[in-house]
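In what follows, a structure is listed as structure tokens, so that the remarks can point back to it.
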Protein chains: 2
Amino acid sequence: MSKVGREGSLRGQKKQDRREKIRQAAWNLFREEGYEKTTTRAVAERAGIATGTLFLYARDKQDLLFLVMHDRLEEAVEDAFDGLPRRGPLLERWMHVFRRLFRMYSEYPALGAAFVRLLPGASGPNAERVNALTFAFLHRLAALVREAQEQGEVAPEVLPMQAASNVFSLYFGALLAWLSGMLPLELALEEHLRPALVLQIRGLRIG
Amino acid sequence: MSKVGREGSLRGQKKQDRREKIRQAAWNLFREEGYEKTTTRAVAERAGIATGTLFLYARDKQDLLFLVMHDRLEEAVEDAFDGLPRRGPLLERWMHVFRRLFRMYSEYPALGAAFVRLLPGASGPNAERVNALTFAFLHRLAALVREAQEQGEVAPEVLPMQAASNVFSLYFGALLAWLSGMLPLELALEEHLRPALVLQIRGLRIG
DNA sequence: GCAAAAATATGAACCCGCTCATTTATGGGG
DNA sequence: CCCCATAAATGAGCGGGTTCATATTTTTGC
């Protein structure tokens, strides 16, 4: 057999298995005990490896959280865009997507809060993967704007990526407000995020 | 002499002195070594107190950073609104304010980055003081919107606080992008924040 | 097959944030 | 002026994240 990059080799396979073991162990402990209370030693033990080995798979404890959250985030984003109505007002399509993401965070709000608080400026291999996901998400938001432009709903001179960037900031702000202040999910979505998006669409100008 | 609440008493005076000593020590060390590398022991030593005493004045190391940043932030906000042109386009008045804040962070960008990253959902006595500052800032932004409404520049049906909240999210997003990615100050302000604000004012609608 | 080399894994030890049982300072009442 | 109650300060110790010298496993070259 020829060398098959990383994944195919025996070494690569064991490495993948171990990463998965660690992901599971961390996920279970974070859910059961919360992020702060979970010790890296406990994660290592449940994954059946030595303490030091953990740090060959995640740069630090934060990066472990990113390892765990990456898959959940990816699934939620995929799901959100899969179930997206083909047509309809831009506002409702955005809300459909953001609702799905909020719902994901609401399953374990404390974990979500820890994750979102660490997101800005995070580094480490798994943080990079999450950043890539976020970047792709931003482009998907821009695609929605482009489609709305084709429907004549959005002015043609608006740069889709610029609009996506603004909307993402509004989404992130709402997410922080919700997960920090712990106002209930529905209120955060309908009374905070939705009016913010409405105002971004409307603008401040007269008319 | 009657008891004068907290400030007048000898006890209260010593406490204030000590808080100031700690603030100075932390500020100098954070500047010289950075937030992460500075140990709480070092701060205590330079302030001339025991390790444990530090935590009577700040709940934890994070709260120490908030203690340090509060005054700088307050000064920058005060300064920004003092120097604000009495009239002029809303966009330029916003940019005047945000430029002043960005400039404050740019004096010690690494410290600013640490601070901004810890801001969301921070707790502790000094974090509360910073949150109060942020809340007041939000209201000042809303006041600018209200003035623009009186000038007929902004539609009367727009809720000033809603607009302020959106603009704050855009500001915070730009701040995070700048301090995380370390793109230069001028670009972050003029190529990131300004277009975002322009688009918020303009909206996405046709016309 | 077998060494030498390279990649991985190990866990004791280190560092540092934070706590808490104990000591010290302050101020009011007699 | 002294005593007691209360507030404040102390620093040794603890817990947990992270490191790194050493050991083990896997791959490579022959």
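Just so we're on the same page: letters track the sequence lines, and every chain starts at 1. Basis for what follows: all heavy atoms, side chains included, without hydrogens, waters or symmetry-related copies.
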- Note on the structure: Of the listed C:dA9, D:dG17, D:dT10, the closest approach to the A:K61 side chain comes from D:dG17
Distances under 3.5 Å only, N/O to N/O: pair up the protein atoms with those of nucleotides 19-21 of chain C.
none

- Query: What residues form a side-chain contact (heavy atoms from CB on, under 4.5 Å) with A:N131, not counting sequence neighbours?
  - Reply: A:E128
- Task: Would you please classify the geometry between the B:F102 ring and the B:W178 ring as parallel, tilted or perpendicular, with 30° and 60° separating the classes?
- Result: parallel
- Side-chain N,O (B:Y57) to OP1/OP2 (D:dA8) below 4.0 Å: no
- Task: Check whether any side-chain nitrogen or oxygen of B:K15 sits under 4.0 Å from OP1 or OP2 of D:dA8, and answer yes or no.
- Result: yes
What I want to find out is whether [X] reaches [Y] closely enough, with some N-O distance under 4.0 Å, to be called a salt bridge.
X: B:E78; Y: B:R100; answer: no
X: B:E32; Y: B:K37; answer: no
X: B:E75; Y: B:R72; answer: no
X: B:E153; Y: A:R205; answer: no

- Task: Answer yes or no: are there more than 12 heavy-atom neighbours, outside B:E147 itself, under 6.0 Å from its atom CD?
- Result: yes
- Message: For A:R202, give me all partners under salt bridge (Lys or Arg N to Asp or Glu O under 4.0 Å), at least two apart in sequence or on another chain.
- Response: B:E157
- Under 4.0 Å between any heavy atoms, over every strand shown, what does A:I49 touch: base, sugar-phosphate, or nothing? Just pick one. sugar-phosphate
- Message: Please check: side-chain N/O of B:R93 versus main-chain N/O of B:R86, any donor-acceptor pairing under 3.5 Å?
- Response: yes
- May I ask you to establish whether B:K61 and B:Y35 are in a cation-pi arrangement, using a distance under 6.0 Å from NZ or CZ to the six-membered ring centre and at most 45° from the ring axis? yes
- Rounded to whole Å, CG of A:L56 lies from P of D:dT18 at a distance of 13 Å
- Atom-pair distance (CG on A:L54; P on D:dG17), nearest Å: 10 Å
- How would you list, by chain and number, every residue that makes a side-chain hydrogen bond (donor to acceptor under 3.5 Å, both in side chains) with B:R18, sequence neighbours excluded? none
- Residues in residues 24-48 of chain A with a heavy atom under 4.0 Å of DNA chain C, by number, are A:R41
- Message: Rounding to 10°, can you tell me the angle the first-five-pair axis of the helix from C:dG1-D:dC30 to C:dG30-D:dC1 makes with its last-five-pair axis?
- Response: 10°
